[in-house]
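First up is the structure itself, then whatever we jot down about it.
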Amino acid sequence: MANKRKTVDKLVSAAQAILKESGIEALNSNAIVERAGVTPPTFYHYFANKHVLLRELGRLLMEAQSETLREETDRSIRNEDELRAYTHYTLQKALKVTRDFEGGYALMVSLRALPHLRDVRLEYQNTMADFLVTYLSEKGLCSDAVDLKIRARLSLGLAYSTVEMLFETEFVDVEKILDLTADAIVRVYDLF
């Protein structure tokens, strides 16, 4: 079992390094096995193709980004300023998680652009929208769960787009952009 995990980790790490260095266009099973130092049959033993590996990477990135929201469940949100602070903090953490995730930017673009990977992003955003509905409802901030879920989905889309944009603009004016995004998300929720 330990050897299996070690081999899978080598394949995942190799794919991440290729994504970081050369982007999605350079990612293929031959490049992955060469980088990982394993044989093609070993790759195909664990992954049917590169898309299955990309799905796994996408799931890992989305889970890491999602954890930034789950970590703050004890935070008090009684007014607009506290919601803005919570939003800004989670945006900062999501950006850091993505920057720290090797190949994170290329993977984010892939999750948005490739039709066979979009469902990974959308599934996590839907799960996190449900989380936010529960979280904000439990804080007594909204009783219309259907409306709140629409707002949560929009806020998550804004957050995702902001992180992606910061990579594309080489992290120019990070704090200003995070402040503006937090303000926009607070307006989307319109809870106070």
Between [X] and [Y]: side-chain donor-acceptor atoms closer than 3.5 Å:
| X | Y | value |
| --- | --- | --- |
| Y44 | S29 | yes |
| R112 | S161 | yes |
| T134 | S137 | no |

**OP:** Could you check L141 against F192 for side chain to side chain contact (heavy atoms under 4.5 Å, CB included), going step by step and ending with a plain yes or no?
**Re:** CA-CA 8 Å; L141 297 176; F192 303 99; 3.6 Å; yes

Going by an N to O cut-off under 4.0 Å, is there a salt bridge joining [X] and [Y]?
| X | Y | answer |
| --- | --- | --- |
| K93 | E71 | yes |
| R55 | D119 | yes |
| E21 | R35 | yes |

**OP:** Find the distance between CZ (R121) and CG (L156) and round it off to the nearest 0.5 Å.
**Re:** 11.0 Å

**OP:** Supply the atom-to-atom distance I32 CD1 to L19 CG, rounded to the nearest 0.5 angstrom.
**Re:** 8.0 Å

**OP:** Say whether, by atom type as modelled, one donor and one acceptor occur between the side chain of E82 and the main chain of R78 under 3.5 angstrom.
**Re:** yes

Original post:
Counting only N and O atoms by type, is there a donor-acceptor contact under 3.5 Å from the side chain of T90 to the main-chain atoms of T87?
Top reply: yes

**OP:** Decide salt bridge (charged side-chain N to carboxylate O under 4.0 Å, His left out) for K6 and D9; before the verdict, give the C-alpha distance in whole Å, the side-chain angles of both, and the deciding distance to 0.1 Å.
**Re:** CA-CA 5 Å; K6 185 177 177 181; D9 288 346; over 6 Å; no

**OP:** Please lay out, stage by stage, how L69 and Y135 fare under the test side chain to side chain contact (heavy atoms under 4.5 Å, CB included).
**Re:** CA-CA 10 Å; L69 286 173; Y135 176 67; over 6 Å; no

Original post:
For E34, does the CD atom have more than 12 heavy-atom neighbours from other residues, nucleotides or ligands under 6.0 Å away?
Top reply: no

Original post:
For K149, does the NZ atom sit with more than 12 other heavy atoms under 6.0 Å from it, leaving out its own atoms?
Top reply: yes

**OP:** Could you please spell out the steps behind the side chain to side chain contact (heavy atoms under 4.5 Å, CB included) verdict for T98 and F167?
**Re:** CA-CA 10 Å; T98 308; F167 275 90; 3.5 Å; yes

Original post:
Does the pair R151 and D190 meet the rule for a side chain to side chain contact (heavy atoms under 4.5 Å, CB included), with working shown?
Top reply: CA-CA 9 Å; R151 293 168 188 269; D190 191 28; 3.6 Å; yes

Subject >> Any Q16 side-chain heavy atom under 4.5 Å of L107 side chain >> reply: no

Hey, any chance [X] and [Y] share a hydrophobic cluster, counting ILVMFWY side chains that come within less than 4.5 Å of each other, even indirectly?
| X | Y | value |
| --- | --- | --- |
| L53 | L114 | yes |
| L57 | V109 | yes |
| V33 | V52 | yes |

Original post:
How would you list, by chain and number, every residue that makes a side chain to side chain contact (heavy atoms under 4.5 Å, CB included) with D173, sequence neighbours excluded?
Top reply: K176, I177

Original post:
For the ring pair Y160 and Y124, is the centre-to-centre distance below 6.0 Å?
Top reply: no

